[in-house]
Amino acid sequence: MTATTAPLLAPTTESIAAAAAALRAGSLVAFPTETVYGLGADATDDRAVAAIFAAKDRPSFNPLIIHLADQAAAEALVEMDARARILATHFWPGPLTLVLPRREGCPVSLLASAGLDTLAVRVPRHPVAARLLKAFGRPIAAPSANPSGRLSPTTAAHVAEGLGHRVAMILDDGPTAIGLESTVIDLSGPDARLLRPGGLTAEEIEAVIGPLAGVEAGLGAAIAPRSPGMLESHYAPALPLRLEAASVEPDEALLAFGLRVPPGARKTLNLSPAGDLTQAAANLFAFLRRLDASGARGIAVMRVPEQGLGRAINDRLRRAAAPRSAFPA
Ligand code: TXA
Ligand code: MG
């Protein structure tokens with residue numbers, strides 16, 4: 001851990017080899033995935049995993065996602081049933097995380113899964129993440145590369161701002177394509193359950209394995225003990241958020257969506273003038289950061305439809321708007 005800010009390195013064979021070497025040495029490395037930037041450590045090294053929790057100031061009861069090169073690597077760590085294999089075949093590599101029972105003798109640090117007998121695993125689609133996993137040859141534990149409770153980073157500059165002094169290096173491959181974290185599905189019980197809406201829509205998953213539990217539950221499900229990570233205050237800008245805004249005050253910033261934007265805000269950013277949810281997801285965290293720095297009194301947010309990626313967008317917005325006291329850290 002250094003006092004200075006880590007270098008931002010373009011992904012090359014050399015920089016990826018250096019990142020793999022840093023992971024082998026027990027250091028933290030930030031790297032891009034298709035969803036958001038991750039804060040990576042050797043998932044089999046207790047001390048390296050502990051360093052993730054320390055760097056983020058993350059409660060240790062909030063388990064991490066284990067990133068893997070391919071489905072075979074997942075089979076070695078967790079018990080994959082028929083549902084898991086079908087989902088993996090359809091959506092890996094991609095923005096889908098599966099919670100499954102740990103295999104006996106699974107070498108992943110128990111701290112990474114907060115002592116649970118399940119493990120959250122995903123195979124990312126981003127070529128730099130894939131190359132890093134291949135070069136390292138072991139599972140990488142990686143939460144989003146932001147201080148706990150803050151907005152997830154969609155650029156290397158966001159990572160540097162929040163955690164630049166806690167990592168050995170930041171692999172910089174520009175803004176992430178999806179902009180929202182992976183969808184988390186719990187397959188450890190009889191019902192496939194949505195724990196966190198994300199970059200893969202519930203509709204796409206249901207088209208493959210049928211109805212998911214927890215899809216309509218909204219914020220209620222988010223604070224259930226079933227998904228420990230959901231207890232913390234999350235995705236929070238410094239300014240208060242006001243949802244479902246149809247008009248705006250002159251001292252407010254406006255996060256708009258669609259064509260019919262109320263005039264008069266101190267500063268307006270439009271997630272997608274065309275009403276495209278994919279574009280809105282990609283812009284969400286970066287725009288919240290910019291409005292947070294606009295000098296406004298608060299951020300008014302226009303309605304986003306509760307369907308497809310809109311579910312994940314609204315989930316993040318509701319968390320950002322919720323009173324902080326509702327989310328004990
Ligand atoms: O897109 C993503 O998923 C990003 C990139 C870097 O891959 N990662 C990410 O990690 O968002 P993180 O740590 O910020 O979120 C992990 C989520 C938390 O809500 C956590 O509670 C949940 O996954 N989780 C992890 N392991 C779990 C388990 N065994 N059971 C239930 N939930 C689990
Ligand atoms: Mg996170």
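Both ligands and their constituent atoms are indexed starting at 1 by order of listing.
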Study note, to complete from the structure: On a heavy-atom basis, the closest approach of Ser144 and Val36 is CB-CG2, 3.9 Å
Check your understanding: Is Arg289 salt-bridged to Glu161, cutoff N-O under 4.0 Å?
Key -> yes
Review point. For ligand 1, which atoms have a heavy atom of Ala120 less than 4.0 angstrom away?
Key: 25 (C), 26 (N), 27 (C)
Revision key, fill the gap. So the atoms of ligand 1 within less than 4.0 Å of a heavy atom of Leu195 turn out to be 31 (C), 32 (N)
Review point. Is there an N/O/S atom in Ser148 that lies less than 2.8 Å from the Mg ion (ligand 2)?
Key: no
Study note, to complete from the structure: A student checking ligand 1 against His67 at a 4.0 Å heavy-atom cut-off should list atoms 5 (C), 6 (C), 7 (O)
Exercise for review: Answer yes or no: does an N/O atom from Arg58 fall short of 3.5 Å to an N/O atom of ligand 1?
Suggested key: yes
Review point. Salt bridge or not for Asp42 and Arg138, using N-O below 4.0 Å?
Key: yes
Exercise for review: Compute the shortest N/O to N/O distance between Ser113 and ligand 1 and return yes if it is under 3.5 Å, no if not.
Suggested key: no
Review point. Looking at ligand 1, does Ala142 have a heavy atom less than 4.0 Å from it?
Key: yes
Review point. Is it the side chain, the backbone, both or neither of Thr118 that has a heavy atom closer than 4.0 Å to ligand 1?
Key: both
Exercise for review: Mind checking the OG1-CG spacing from Thr183 to Leu212? Nearest 0.5 Å is all I need.
Suggested key: 9.5 Å
Review point. Is the closest basic N to carboxylate O distance between Arg242 and Glu252 below 4.0 Å?
Key: yes
Point to revise | Nitrogen or oxygen atoms of Ser182 and ligand 1 under 3.5 Å apart | key: yes
Review point. Does a side-chain N-to-carboxylate-O contact under 4.0 Å join Arg122 and Glu181?
Key: no
Point to revise | Ligand-side contact atoms (ligand 1) for residue partner Ile65, heavy atom cut-off under 4.0 Å | key: 3 (O), 8 (N), 9 (C), 10 (O), 16 (C), 23 (O)
Point to revise | Nearest heavy atoms of Pro93 and Pro124, plus distance in Å | key: CB-O, 3.3 Å
**Study point:** Reported CG-to-CG distance for the pair Leu291 and Leu269, which is rounded to 0.5 angstrom
**Key:** 4.5 Å
Check your understanding: Can an N or O of Asn62 be found at a distance shorter than 3.5 Å from an N or O of ligand 1?
Key -> yes
Study note, to complete from the structure: Min over Gly179, Pro63, Gly198 of heavy-atom distance to atom 27 (C) of ligand 1 lands on Pro63
Practice item. Enumerate the atoms of ligand 1 whose separation from the nearest heavy atom of Ser144 is less than 4.0 angstrom. Key: 8 (N), 9 (C), 10 (O), 12 (P), 14 (O)
Practice item. Report, in ascending order of atom number, the atoms of ligand 1 lying under 4.0 Å from any heavy atom of Leu116. Key: 28 (C), 29 (N), 30 (N)
Review point. Do Leu77 and Pro107 touch side chain to side chain, with heavy atoms closer than 4.5 Å?
Key: yes
